[in-house]
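I have placed the structure first, in the form of structure tokens, so that the comments after it can refer back to it.
In what follows, chains carry the letters A, B, and so on, assigned in the order in which the sequence lines appear, proteins first and then strands, with residues in each chain numbered from 1. Since the model is a prediction, treat every value here as computed from it, not as a measurement.
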There are 2 protein chains.
Amino acid sequence: MDQRRADKIRETLEQLIITGAFADGERLDEIRLSERFSVSRTPLREAFQMLAASGLLELVPRRGAYVRHPGIIELVEMFEVMAELEGMCGRLAARRLTNDGLGAIKQAAEDCETALGSGNADAYYSENERFHNLLYEASGNSFLAAEARKLQRRLQPFRRMQLRVRGRMKQSMDEHRTIVAALEAGNAGAAERALRDHIAVQGEKFNDLMAQYNQSKPKRAV
Amino acid sequence: MDQRRADKIRETLEQLIITGAFADGERLDEIRLSERFSVSRTPLREAFQMLAASGLLELVPRRGAYVRHPGIIELVEMFEVMAELEGMCGRLAARRLTNDGLGAIKQAAEDCETALGSGNADAYYSENERFHNLLYEASGNSFLAAEARKLQRRLQPFRRMQLRVRGRMKQSMDEHRTIVAALEAGNAGAAERALRDHIAVQGEKFNDLMAQYNQSKPKRAV
DNA sequence: ACTGCGTGTTTTGTATACAAAAATCTTGAC
DNA sequence: GTCAAGATTTTTGTATACAAAACACGCAGT
């Protein structure tokens, strides 16, 4: 089952949905899209399936595929779960972390600082992602790491957005230091709390951000 | 996109995989299966996609679909995450639970007791599932509830299996009482701990069970 | 004018046909 | 007898053809 084209289409559509090129609730026309991508409906529909599985589309039988942007409530819920997962990663990592693993995480944290110093938000974001991914792996639980990555990926655009909040980058960096210190000390409870708060604050900041930004967002028809 | 047939096939295949009718690592032949279900390859492939998304199949490009039974390590990892999710549900539920919600949960717990009294393991299992599902909902976080249900569903056959352990049903019931008491008292910490342990012990018991049972399980070729 | 029904169109779901890649088998050289 | 290269067969991925369900529009009746 070669997802060569289907997978490429999935990625493209994913970006289009995430970046908001498709509005919430919009119906995706199979024929028009297949013409746009110069493929038949078959790989396109496979892409639909995958996107639906990750929650970006809703497939209504005999009706079509509808873009499904998470509402503010769902987003807060997702951040809440993300905070828990990251906290769990921290707790486990504090107990299971090897010297090499800790070294890699410290390195990633330093790279974050460098990016922060240069004021490059994109670089900071990418290093930050690496920092967190290393942490997921350090939990020693591959399933947990995979789930965390999956959710992180879905929250990606919103995390990114909230880095724009004034002073958030610096605050985030401070939190990283707390996290690293807890990991280094092998303090599971402290690592868990630090990480949970680190994410939870993102959810809250995001909530604030949306409150002012998102005044007139049209809700999709069900 | 009418998954009428595709969805039916997915369910059937899901059961066949879960019950072990297909061995781990076995390659599923599209043509043979489509003949067996009297459908074309198209809906069958859609079913494959869905099963791959939930981790029951692995789709190797240009190679085919391979059954993917979780190994013992992955199962323990999944139980570990399940414990965390359920604990989180308990923590949130203890704070957010309404009187009606609490009543429903207490009722479900009682139904569990009834089933336990009658010695009917299947009934106990089904009531137990209801108890837990109510708890997920009571967390007030729909996304969390959905994730919990998804993982519960995937662990279902293994949870069921471990209920066969001697005295486990009674012990499980005692734990339910502790959980309900914590919820009733609105004690978030106690509810979280009780639920996390409730699931964690399942993972451990399961581990024991497998250690003796699973001596000569053939590992699939990668 | 509004509602209910029927026809025609659009669109989804499924089957089949076709292309290309992988697997298998055959044949020949050493 | 073994191994390798080429031909043949399977099998996957994609395109297209077809069936049926949903939708839209118009028309008749009240």
Side-chain angles (χ1 to χ4, degrees), chain A residues 1-17 21-69 218 220-222, chain B residues 1-17 21-68 218-222:
Chain A
M1 191 163 292
D2 175 16
Q3 274 92 328
R4 211 175 60 251
R5 293 189 217 189
D7 230 9
K8 203 159 156 26
I9 291 168
R10 182 190 60 75
E11 280 178 43
T12 309
L13 281 178
E14 195 170 82
Q15 280 309 312
L16 285 171
I17 293 171
F22 293 122
D24 185 45
E26 186 173 345
R27 180 174 145 283
L28 298 186
D29 189 288
E30 292 185 359
I31 296 172
R32 275 182 46 194
L33 280 176
S34 62
E35 283 168 1
R36 174 166 170 183
F37 293 125
S38 305
V39 296
S40 79
R41 282 171 53 219
T42 312
L44 191 79
R45 284 170 61 92
E46 290 197 356
F48 279 8
Q49 298 275 351
M50 295 188 261
L51 291 167
S54 55
L56 273 65
L57 282 184
E58 186 176 1
L59 263 42
V60 185
R62 285 282 179 201
R63 287 289 186 77
Y66 293 85
V67 177
R68 178 104 175 72
H69 285 188
R220 90 196 165 88
V222 181
Chain B
M1 191 162 290
D2 175 14
Q3 275 92 328
R4 213 176 60 249
R5 295 189 217 191
D7 230 7
K8 204 159 156 23
I9 292 168
R10 182 190 61 74
E11 280 179 43
T12 310
L13 282 178
E14 194 170 83
Q15 280 309 312
L16 286 172
I17 294 171
F22 292 123
D24 183 46
E26 188 173 344
R27 180 173 146 281
L28 298 187
D29 190 286
E30 291 185 0
I31 296 173
R32 276 182 46 193
L33 280 176
S34 62
E35 283 169 1
R36 174 166 170 183
F37 293 125
S38 305
V39 295
S40 78
R41 282 170 53 218
T42 311
L44 191 79
R45 285 170 60 93
E46 290 196 356
F48 279 7
Q49 299 274 353
M50 295 186 259
L51 292 168
S54 56
L56 272 67
L57 281 185
E58 184 176 1
L59 263 43
V60 185
R62 286 279 180 202
R63 287 290 183 77
Y66 293 85
V67 176
R68 179 105 174 72
K219 277 310 281 180
R220 88 196 165 91
V222 180

In whole Å, what is the span from the CD atom of B:E30 to the P atom of C:dA21? 17 Å

Phosphate OP1/OP2 of C:dA23 contacted by B:R63 side-chain N/O (<4.0 Å): yes

Considering only D:dT12, D:dA15, C:dT14, which nucleotide approaches the side chain of B:R41 most closely? D:dT12

Return no unless some side-chain N or O of B:S40 is found under 4.0 Å from OP1 or OP2 of C:dA15. yes

Identified side chain to side chain contact (heavy atoms under 4.5 Å, CB included) partner of A:Y66 from the options A:V60, A:L28, A:L57: A:V60

Atom CZ of B:F48 and atom C1' of D:dT12 are separated, to the nearest Å, by 11 Å

Compare side-chain N and O positions of A:R5 against OP1 and OP2 of C:dA19 and report whether any pair is under 4.0 Å apart. no

When rounded to the nearest 0.5 angstrom, what distance separates CZ in A:R5 from CZ in A:F37? 13.5 Å

Return no unless some side-chain N or O of A:R32 is found under 4.0 Å from OP1 or OP2 of C:dT11. no

Between D:dT14 (C1') and A:E35 (CD): distance, integer Å: 16 Å

Value in whole Å for how far the C1' atom of D:dT14 lies from CD1 of A:I9: 10 Å

Could you tell me whether the side chain of A:R45 reaches within less than 4.5 Å of the side chain of B:E46, counting heavy atoms only? yes

Rounded to the nearest Å, what distance is computed from the CG atom of residue B:L44 to the C1' atom of nucleotide C:dA15? 13 Å

Test for a donor-acceptor pair under 3.5 Å between the base of D:dT12 and the side chain of B:R62, counting only N and O atoms. yes

Nearest heavy atom decides the nucleotide; on that basis, is B:T42 or B:R27 closer to the 5' end of DNA chain D? B:R27

Hey, which of these two, B:D29 or A:V39, hits DNA chain D nearer its 5' end, going by closest nucleotide? B:D29

Measuring only between side-chain heavy atoms, which start at C-beta, is B:L56 closer than 4.5 Å to B:V67? no

To the nearest angstrom, the CG-P distance between A:D7 and D:dT12 comes to 18 Å

B:Q49 CD to C:dT14 P: how many Å, rounded? 14 Å

Starting at atom CD of B:E46, determine the distance to atom C1' of C:dA15, rounded to an integer number of angstrom. 12 Å

Qualifying residues under side-chain hydrogen bond (donor to acceptor under 3.5 Å, both in side chains), relative to A:R41, sequence neighbours excluded: A:E30

